[in-house]
Number of protein chains: 2
Amino acid sequence: MKNYELVLSWVEADLAAGRLRLGGRLPGERVLAEQLGISRPSVREAVRVLEALGVVRTATGSGPEAGAVIVAEPASPLTALLRLHLATNHLPMGDIVQTRVLLESWAARQAAELFAVEGAADRKQGAGGASGVGAGSGLGGVGLLGVAEGLLGRMEDPGLSPEEFHLLDAEFHVALSGVAGNVLIAAVMASLRSAIHGYVMAAVPNLSDWDATVVGLRAEHQAILAAVRAGEADRAARLVTDHIQGFYRAARLASPD
Amino acid sequence: MKNYELVLSWVEADLAAGRLRLGGRLPGERVLAEQLGISRPSVREAVRVLEALGVVRTATGSGPEAGAVIVAEPASPLTALLRLHLATNHLPMGDIVQTRVLLESWAARQAAELFAVEGAADRKQGAGGASGVGAGSGLGGVGLLGVAEGLLGRMEDPGLSPEEFHLLDAEFHVALSGVAGNVLIAAVMASLRSAIHGYVMAAVPNLSDWDATVVGLRAEHQAILAAVRAGEADRAARLVTDHIQGFYRAARLASPD
DNA sequence: GGCTATGCTGTGGTCCGACCACACCCCGTG
DNA sequence: CACGGGGTGTGGTCGGACCACAGCATAGCC
């Protein structure tokens with residue numbers, strides 16, 4: 001086993017055992033090196049990997065924010081992963097679009113069902129309002145729908161550039177996916193959007209009429225939001241599917257199923 | 001920007017531009033260091049990250065297999081990512097189960113539809129038999145169903161330990177997901193299974209009767225395979241969903257939706 | 001006494017130079 | 001012609017050194 005892998009398994013074991021917690025800090029690189037009987041460069045390689053995997057965040061200086069702080073950011077490494085494998089041309093854009101359709105339509109359906117239940121029972125207490133419904137529940141939640149609505153408002157600005165519009169668009173989709181409350185799916189969604197951002201921007205010139213496209217996208221977003229809020233699960237899922245596939249077809253980025 | 005990030009962006013650019021191809025090799029660490037005007041340790045950190053992301057595979061010695069060879073292995077880094085974030089307790093097992101249900105039921109549905117079309121049109125030519133149906137198509141394909149069937153055969157062996165059985169089980173599910181032909185979803189599936197393998201094994205004692213469980217799982221696998229082969233998409237999807245949720249409930253690993 | 005400035009300390013970031021283990025490849029040898 | 005041993009280039013590891021940065025404690029000033 002390579003020395004840097006020693007550090008990785010040490011960190012994983014300590015994480016699983018609770019000796020390392022979120023927000024805590026790894027021992028200094030020099031300390032860790034001596035502790036494991038290896039050199040500092042080896043420790044550094046491991047820390048880099050952990051950083052690339054979104055498990056730690058490193059910073060220079062001193063204080064509580066300095067050093068290798070344990071975080072949980074699955075989205076950024078997923079983005080890097082997708083970007084790199086997209087660059088190798090062994091990850092077809094069509095597969096990504098297909099995955100987006102699958103995840104987002106599911107998320108929209110879940111979100112709508114959440115609202116349907118909530119509306120029917122009118123049990124809108126603050127804490128744990130949606131507990132027990134989804135699997136992860138805890139995080140995410142219906143509050144994100146307000147965020148999504150706010151994003152739609154900002155997207156009404158006619159002065160937005162294609163890039164600005166698309167960034168808000170991406171945020172809207174990610175927020176919507178977050179409502180379903182599954183952190184894994186939300187993270188995958190977020191990274192899918194980030195990873196393909198460059199490709200989407202490069203395809204904007206393919207659109208025959210940007211202004212008309214924007215008008216259409218805005219309307220579709222509003223319809224999706226309304227369907228979710230009304231608790232119409234099937235309709236929300238179908239709208240999302242059409243929305244995504246329609247855009248990629250128009251931009252000629254891929255010919256989804 | 002940190003120096004090792006310089007290497008990462010250099011590699012990504014060269015990949016996208018086609019100057020680096022799958023199976024090709026990165027320049028030597030010493031060469032790359034001088035070329036980018038940085039030190040070898042910095043290059044090494046970047047190579048480690050690339051290795052952790054499944055983009056390169058390093059080996060000592062000489063010859064075509066030595067050095068940093070460009071590969072495309074999205075599954076192993078995804079596994080590491082999931083394992084580590086699972087260890088931080090910020091990735092609920094329930095979310096993983098939910099994701100498995102979503103991806104696998106979709107894959108089963110797609111696979112069944114593939115067979116339904118193929119059976120109806122009887123267009124069973126060898127190359128490109130399923131082209132144009134799925135988004136990615138190309139890879140995966142119906143041939144994997146034979147692999148899945150072979151795995152089921154090996155799982156009939158009554159002398160298998162729980163661990164051996166579960167490994168074959170995992171392979172079966174991954175192969176089934178591969179039939180749908182979406183490399184991204186197949187990779188995610190494969191890493192989900194690997195990442196939770198340890199947790200599943202730890203939960204085996206929770207099962208009230210291992211032998212009875214195995215009998216049930218075998219029957220469910222056969223039923224799923226039959227449904228896919230018969231082109232019964234809805235039935236295949238439902239069977240997969242019940243199969244997965246049933247097991248996790250029995251093992252008390254999570255209480256899926 | 002309160003406030004400011006300055007150095008100390010510990011962190012990661014980077015670099016150098018060296019040595020090791022390994023695997024292929026070539027050339028000398030029989 | 002067959003075979004074996006060194007040559008060569010690869011990554012793997014190491015120790016040590018210096019830098020930039022951020023916080024903090026302290027000494028000094030007002």
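Chain A is the first sequence line, chain B the second, and so forth, proteins listed ahead of strands; every chain is numbered from 1. Please read all numbers here as calculations on a predicted model, not as lab measurements.
Side-chain contact between B/Val7 and B/Asn3: absent, with no pair of heavy atoms (C-beta onward) separated by less than 4.5 Å. In this structure, B/His90 and A/Val183 have side chains that are not in contact, with every pair of non-hydrogen atoms separated by 4.5 Å or more. The closest side-chain heavy-atom distance from A/Leu86 to A/Ile96 is below 4.5 Å.
When A/Lys2, A/Arg48, A/Arg44 are each tested for a side chain to side chain contact (heavy atoms under 4.5 Å, CB included) with B/Arg48, only one passes: A/Lys2.
Near-neighbour residues of DNA chain D inside residues 49-58 of chain A, defined by a heavy atom below 4.0 Å, are absent. Interface residues of residues 21-29 of chain B facing DNA chain D, ordered by number: B/Gly28, B/Glu29; criterion, heavy-atom separation under 4.0 Å.
Read 5' to 3', the first and last nucleotides of DNA chain C with an atom closer than 4.0 Å to a heavy atom of chain A are C/dG10 to C/dT14.
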Measure all distances between protein nitrogen or oxygen atoms and nitrogen or oxygen atoms of nucleotides 20-23 of chain D, and list the pairs falling under 3.5 Å.
residue : atom : partner : partner atom : Å
D/dA22  : N3   : A/Ser62 : OG           : 3.3
D/dG23  : O4'  : A/Ser62 : OG           : 2.7

Atom pairs under 3.5 Å: protein N/O with N/O of nucleotides 14-16 of chain D:
residue : atom : partner : partner atom : Å
D/dC14  : OP1  : A/Asn3  : ND2          : 3.2
D/dC14  : OP2  : A/Asn3  : ND2          : 3.0
D/dC14  : OP2  : A/Ser39 : N            : 3.0
D/dC14  : OP2  : A/Ser39 : OG           : 3.1
D/dC14  : OP2  : A/Ser42 : OG           : 3.0

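Listed by chain and residue number, A/His221 satisfy the ring pair (Phe, Tyr, Trp, His ring centres under 6.0 Å) test with A/Phe172 (two or more places apart in sequence, or in another chain). Partners of B/Glu149 under the side chain to side chain donor-acceptor pair (under 3.5 Å) rule, at least two apart in sequence or in another chain, are B/Arg229. Under the rule for a ring pair (Phe, Tyr, Trp, His ring centres under 6.0 Å), the partners of B/Phe165 that lie at least two apart in sequence or sit in another chain are B/Trp210. The salt bridge (Lys or Arg N to Asp or Glu O under 4.0 Å) search around B/Glu104 returns B/Arg100, not counting sequence neighbours. Contacts of A/Arg193 classified as salt bridge (Lys or Arg N to Asp or Glu O under 4.0 Å), with partners at least two apart in sequence or in another chain: A/Asp169. In this structure A/Asp14 satisfies the side chain to side chain donor-acceptor pair (under 3.5 Å) test together with A/Arg19, sequence neighbours excluded.
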Show me the donor-acceptor pairs, under 3.5 Å and distance only, between side chains in residues 54-72 of chain A and residues at least two apart or in other chains.
residue : atom : partner : partner atom : Å
A/Thr58 : OG1  : A/Glu51 : OE2          : 3.0

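Side-chain atoms of B/His85 come within 3.5 Å of backbone atoms of B/Leu81 as a donor-acceptor pair (strictly under, hydrogens ignored). Within the 3.5 Å criterion, the main-chain N or O of B/Asn206 finds a donor-acceptor partner in the side chain of B/Arg252.
Note that CG of A/Leu84 and CG of B/Leu50 are 6.5 Å apart. Values are rounded to the nearest 0.5 Å.
Annotation for B/Glu34: atom CD does not count as buried by contact number, only 12 or fewer foreign heavy atoms lying within 6.0 Å.
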